[in-house]
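Just so you know, residue 1 is the first one in the sequence shown, and it goes up from there.
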Amino acid sequence: MTTTIGKTDNPLRVAIIGAGPSGFYAADALLKQTAYHVEIDMFDRLPTPFGLVRGGVAPDHQKIKSVTKIYEKIAAHPSFRLYGNVEFGRALKHDEFRQHYHQIIYAVGAQTDRKLGIPGETLAGSYAATQFVAWYNSHPDFRYLDFDLSKQVVAVVGNGNVAMDVARILASTYDELHRTDIADYALEALSHSNITDIYLLGRRGPAQAAFTNPELKELGEMEDADVIILPEEVALDPISQADMIAHPDPMVTKNMATLADFASRQPQGKRRRIHLRFLVSPLEIGGETHVENIKLVKNGLRLGSDGSVRAQATDQLETLPIDLVFRSIGYVGVALPGVPFNAAAGVIPNKDGRVFDPETDLTVPGEYAVGWIKRGANGIIGTNKPDSQATVNSMLADVPTLLPLDPHDATRESVEALLSARQPDFTTFDDWLVLDQHEISRGQEVNRPRVKFSDVDQMLKVLKEARTQDGPNQPVIPVTPAVVPTIVPVSVPNTMQATD
Ligand code: NAP
């Protein structure tokens, strides 16, 4: 089949829903290919771009955040536009995206938390780590949450990097946090925190932990927190030993060395203690109305039929008195209106990034997925680059099969006319650059990297004032748009218990 789609006078029009890393890497891959002339419109429901780089990466990991410089370069490409403060399914509906774009990429990430599925999970004082992370990172949807930091003892369930981030932020001193871009209200709340003990609870052993070594090491470098490990829980069992020989992994070797170092240290009598516990699974969170304790079962390890090392519950129980729980066992994707969804896995069903409908097992033409909504919530920021490239390869292969758009709809002007009617306060990438400058200036005043905006109305007010100062239609600094995922609580029962 021959097509004129992708010629200069009939560009391949692509909508990217979500302005996080996977969306930007998809845009980059499309802009770098030379077979087709493309026009990329990226949408985000927040006025600010960068998804989890802004709303997820820990505030004391400023170096990681500098990846946004790459995204800024992508956004500066003349074929790229950002439309922020535009929610998929609200301001523009699924059918309208199809009407205006040859191809749609869903890059919305995983916007809610995996549930433990144990009694007591909803008691006061039991929080999703994902909410805490979004709160301390100034996400507008979470800024009004209230975490009771007047309490002393915290359990963080899970052994991934989010659990490490949460433990580290809870254990940080005011000085450690002040030099970051943590939300100003979170800095204030955490500076008055009474927390003394933080228990990190891993259901498998240290050799199976999901955290990476730099994050583990950071726990041993806290200004005012000691790391405490039970020597028997960090000793390698025969199954782990055999697995480490059969599947050598430098990260595991490094983690074991770091843990051995921690175990050899004498506590320094610091104000806070981070207790690293392994081989324990929560069975129940206890308390009348508020969290009072967590009941744990001690696990052993066994080899699963697929060769993986799994937790195996024993009959040994333990009740740990605690005041708060942060459930940190992973993120889960949320369905988008009109788009197929696999609720069990929390992803958009896809083959090589091509969305398919599980009911018919047919591909949905012109619709694609990248990032966490494609593959689940795993991997680091860089993982998204090859992942997005793979989806773009599928998209490019499909171009000859695409149906033409109505020429009236196949323009940015027609999309902007719709937006002006439905969501006149949509924002651009240039608007983001204005907000960025404001945040940095606010930070300079108090010797911090930036002081973030967390309120959408405030952001829009700042932009309005900036436009007024510069006169109508005068972008204040260079302009571009952004998109962030919708946080719709979704209940995804996690039946994984101690033996999973
Ligand atoms: P994760 O890496 O998948 O870790 C989830 C943890 O929860 C695992 O330890 C898992 O144990 C445990 N878990 C799952 N179900 C459980 C249950 N029912 N009971 C007890 N424990 C349970 O998820 P994450 O920490 O949310 O991180 C998501 C992704 O973002 C990861 O790829 C992570 O590396 C990345 N990330 C990276 C950074 C960084 O680079 N600094 C920071 C934050 C996040 P099992 O292993 O036994 O399943």
**Closest non-hydrogen atom pair between L149 and I195, with its separation** = CD2-CD1, 3.8 Å
**Asked** Once you round to the nearest 0.5 Å, how far does OG1 of T130 lie from CG of L52?
**Response** 10.0 Å
**Complete:** dist K217:NZ -> T212:OG1 (nearest 0.5 Å) comes out at 11.5 Å
**Request:** Please report the closest heavy-atom contact between V86 and A91, naming both atoms and the distance.
**Result:** CG1-CB, 3.8 Å
**Nearest heavy atoms of I74 and A27, plus distance in Å** = CG2-CB, 4.0 Å
**Message:** If you define the side chain from C-beta out and look only at heavy atoms, does anything of E221 sit under 4.5 Å from E176?
**Reply:** no
**Asked** Where do H178 and R448 land on the side chain to side chain contact (heavy atoms under 4.5 Å, CB included) test, with the steps shown first?
**Response** CA-CA 7 Å; H178 183 264; R448 301 186 54 203; 3.7 Å; yes
**Request:** Classify the angle between the aromatic ring planes of F453 and H438 as parallel (below 30°), tilted (30 to 60°) or perpendicular (above 60°).
**Result:** tilted
**Request:** Identify the two heavy atoms, one from S172 and one from M222, that lie closest to each other, and give their separation to 0.1 Å.
**Result:** OG-CE, 3.5 Å
**Message:** Is there a side-chain contact between K452 and R54 in this structure, where contact means two heavy atoms from C-beta onward sitting under 4.5 Å apart?
**Reply:** yes
**Message:** Donor-acceptor pair, distance only, cut-off 3.5 Å: does the side chain of R450 make one with the backbone of R442?
**Reply:** no
**Item:** Separation between CG of L418 and NZ of K93, rounded to the nearest 0.5 Å
**Value:** 11.0 Å
**Asked** Under a 4.0 Å N-O cut-off, is there an ion pair linking D197 with R273?
**Response** yes
**Item:** Among I198, L219, I228, side chain to side chain contact (heavy atoms under 4.5 Å, CB included) partner for L276
**Value:** L219
**Euclidean distance, R13 CZ relative to I40 CD1, rounded to 0.5 Å** = 11.0 Å
**pair V156-M164: side-chain heavy atoms closer than 4.5 Å** = no
**Message:** Checking side chain to side chain contact (heavy atoms under 4.5 Å, CB included) between L460 and each of N85, D455, L435, which is the one that passes?
**Reply:** N85
**Asked** Would you call E121-K115 a salt bridge at under 4.0 Å N-O?
**Response** no
**Prompt:** Will you find, in the side chains of T258 and N213, an N or O donor that is under 3.5 Å from an N or O acceptor?
**Reply:** yes
**Item:** Check: T180 main-chain N/O paired with D60 side-chain donor or acceptor under 3.5 Å
**Value:** no
**Message:** Has N194 got a side-chain atom pairing as donor or acceptor with S150's backbone, closer than 3.5 angstrom?
**Reply:** yes
**Prompt:** Quick one: are Y199 and L320 in side-chain contact, heavy atoms under 4.5 Å?
**Reply:** yes
**Item:** Nearest-0.5 Å distance, CZ of residue R327 to CG of residue L116
**Value:** 6.5 Å
**Request:** Look at R467 together with D431 and state whether they make a salt bridge at an N to O cut-off of under 4.0 Å.
**Result:** yes
**Request:** May I ask you to test the I169-P59 pair for a side-chain heavy-atom distance under 4.5 Å?
**Result:** yes
**Request:** For the pair R98 and E367, evaluate side chain to side chain contact (heavy atoms under 4.5 Å, CB included) and give the outcome as yes or no after the intermediate values.
**Result:** CA-CA 9 Å; R98 294 189 59 120; E367 300 195 30; 2.4 Å; yes
**Prompt:** Checking N137 side chain against V57 main chain: does a donor-acceptor pair fall under 3.5 Å?
**Reply:** yes
**Prompt:** Is there a side-chain contact between V291 and L324 (heavy atoms, below 4.5 Å)?
**Reply:** no
**Complete:** Residues pairing under salt bridge (Lys or Arg N to Asp or Glu O under 4.0 Å) where one sits in residues 258-269, two or more places apart or in two chains, turn out to be D261-R265
**Asked** Is the side chain of D387 donor-acceptor paired with the backbone N or O of G371 at a distance under 3.5 Å, no angle test?
**Response** yes
**Prompt:** Under the side chain to side chain contact (heavy atoms under 4.5 Å, CB included) criterion, do L170 and F326 qualify, and how do the steps go?
**Reply:** CA-CA 11 Å; L170 287 171; F326 290 88; 3.8 Å; yes
**Prompt:** So do K464 and V462 actually touch side chain to side chain, heavy atoms under 4.5 Å?
**Reply:** no
**Message:** If you take the centroid of each ring, where Trp contributes its six-membered ring, are F24 and F80 closer together than 6.0 Å?
**Reply:** yes
**Asked** Is a side-chain N or O of E218 found less than 3.5 angstrom from the main chain of R168, in a donor-acceptor match?
**Response** no
**Prompt:** For atom NZ of K385, is the number of surrounding heavy atoms from other residues, nucleotides or ligands below 6.0 Å larger than 12?
**Reply:** no
**Complete:** For R272, the salt bridge (charged side-chain N to carboxylate O under 4.0 Å, His left out) test, sequence neighbours excluded, returns none
**Request:** Give a yes or no answer on whether the side chain of E233 reaches the backbone of I229 with a donor-acceptor pair at less than 3.5 Å.
**Result:** no
**Prompt:** What's the shortest heavy-atom distance between P21 and V53, and which atoms?
**Reply:** CG-CG2, 3.5 Å
**Request:** Classify the angle between the aromatic ring planes of W372 and Y331 as parallel (below 30°), tilted (30 to 60°) or perpendicular (above 60°).
**Result:** tilted
**Request:** Flag the pair M395 / L12 as yes when at least one side-chain heavy-atom distance between them is below 4.5 Å, and no otherwise.
**Result:** no
**Asked** Is it true that a side-chain atom of N159 and a backbone atom of R204 form a donor plus acceptor pair closer than 3.5 Å?
**Response** no
**Message:** Donor-acceptor check, side chain of S22 to backbone of N384, threshold 3.5 angstrom: yes or no?
**Reply:** no
**Asked** Distance from H94 atom NE2 to I17 atom CD1, nearest 0.5 Å?
**Response** 9.0 Å
**Under 3.5 Å donor-acceptor, N350 side chain and I348 backbone** = yes
**Request:** Taking atom CG of D175 as the centre, report whether more than 12 heavy atoms of other residues, nucleotides or ligands fall under 6.0 Å from it.
**Result:** yes
**Prompt:** So, Y136 versus F142, ring centres under 6.0 angstrom or not?
**Reply:** no
**Request:** Tell me, with the steps shown, if R143 and S138 meet side chain to side chain contact (heavy atoms under 4.5 Å, CB included).
**Result:** CA-CA 6 Å; R143 62 175 305 225; S138 310; over 6 Å; no
Distance-only criterion, 3.5 Å: show the donor-acceptor pairs between side-chain atoms of residues 181-190 and protein atoms not counting sequence neighbours.
residue	atom	partner	partner atom	Å
D181	OD1	Q62	NE2	3.0
D181	OD2	Q62	NE2	3.4
Y185	OH	W135	O	2.7

